Amino acid sequence: MKQEEKSLKKGKGKKMGKEILNRTRIAAIRFTVGEYAVLERRCRATTCRQMSEYLRNCLLHKPVTVKHRDASLDEFMLEFIRLRKELSAVGNNFNQTVKKLHTLQQIPEFGQWIFETETQREILLFQVAEIQRMTAKITEKWLRS
């Protein structure tokens with residue numbers, strides 16, 4: 001066995017249960033801009049903290065953990081954000097209506113505002129129910145996985 005291989009297996013000291021390796025050899029590889037961009041994108045999709053760690057793992061046939069994004073969860077989050085914004089807008093309208101009701105002096109105007117407030121209340125309750133349905137749907141999905 002070569003001296004270099006022995007020193008790689010032995011390592012130099014330990015740090016919190018991990019073996020510290022002194023890496024003294026450099027292997028330089030040149031890439032085109034496109035090739036390097038592909039490597040960077042693939043590296044960012046993993047749990048590797050540095051490009052050198054990613055390349056070393058690939059070259060030495062060590063496992064590389066790839067982060068996975070759930071596309072259906074992304075779709076849910078987009079819909080959830082849309083519903084939240086809509087709910088916020090309805091809530092603002094509702095608050096403005098209630099403030100207006102408190103400032104009214106004439107009875108005929110008061111009846112119209114009450115009717116509009118009830119309509120907004122129904123919209124608000126529908127949106128809350130929609131959020132509850134979406135939340136139940138994602139909860140059920142998470143429980144199955």
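Given the structure is predicted, the values throughout are model-derived calculations rather than measurements.
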Asker: Rounded to the nearest 0.5 Å, what separates atom OG1 in Thr65 from atom OH in Tyr54?
Answerer: 12.0 Å
Asker: Among the clusters formed by ILVMFWY side chains lying less than 4.5 Å apart, do Phe126 and Met134 turn up in the same one?
Answerer: no
Asker: Is Val64 reachable from Ile29 through a run of I, L, V, M, F, W or Y residues, each pair having side-chain heavy atoms under 4.5 Å apart?
Answerer: yes
Asker: Looking at CD of Glu86 and CD of Glu130, how far apart are the two atoms once the value is rounded to the nearest 0.5 Å?
Answerer: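 Glu86 CD to Glu130 CD: 9.0 Å, rounded to 0.5 Å.
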Asker: Looking at CD of Gln127 and CG of Leu124, how far apart are the two atoms once the value is rounded to the nearest 0.5 Å?
Answerer: 8.0 Å
Asker: Pairs of donor and acceptor atoms involving the side chains of residues 39-49, under 3.5 Å and at least two apart or interchain, shall be tabulated with distances.
Answerer:
{"from": "Thr46", "atom 1": "OG1", "to": "Cys43", "atom 2": "O", "distance (Å)": "2.7"}
{"from": "Thr46", "atom 1": "OG1", "to": "Cys48", "atom 2": "N", "distance (Å)": "3.2"}

Asker: With a cut-off of 6.0 Å (strictly less than), are more than 12 heavy atoms of other residues, nucleotides or ligands near CZ of Phe31?
Answerer: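 For Phe31, atom CZ is crowded (more than 12 foreign heavy atoms under 6.0 Å).
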Asker: Ion pair present between Arg82 and Glu79, side-chain N to carboxylate O less than 4.0 angstrom?
Answerer: yes
Asker: Rounded to the nearest 0.5 Å, how far does CG of Asn93 lie from CD1 of Ile123?
Answerer: 8.5 Å
Asker: Can you measure from CD (Glu53) to NZ (Lys62) and round to the nearest 0.5 angstrom?
Answerer: 9.5 Å
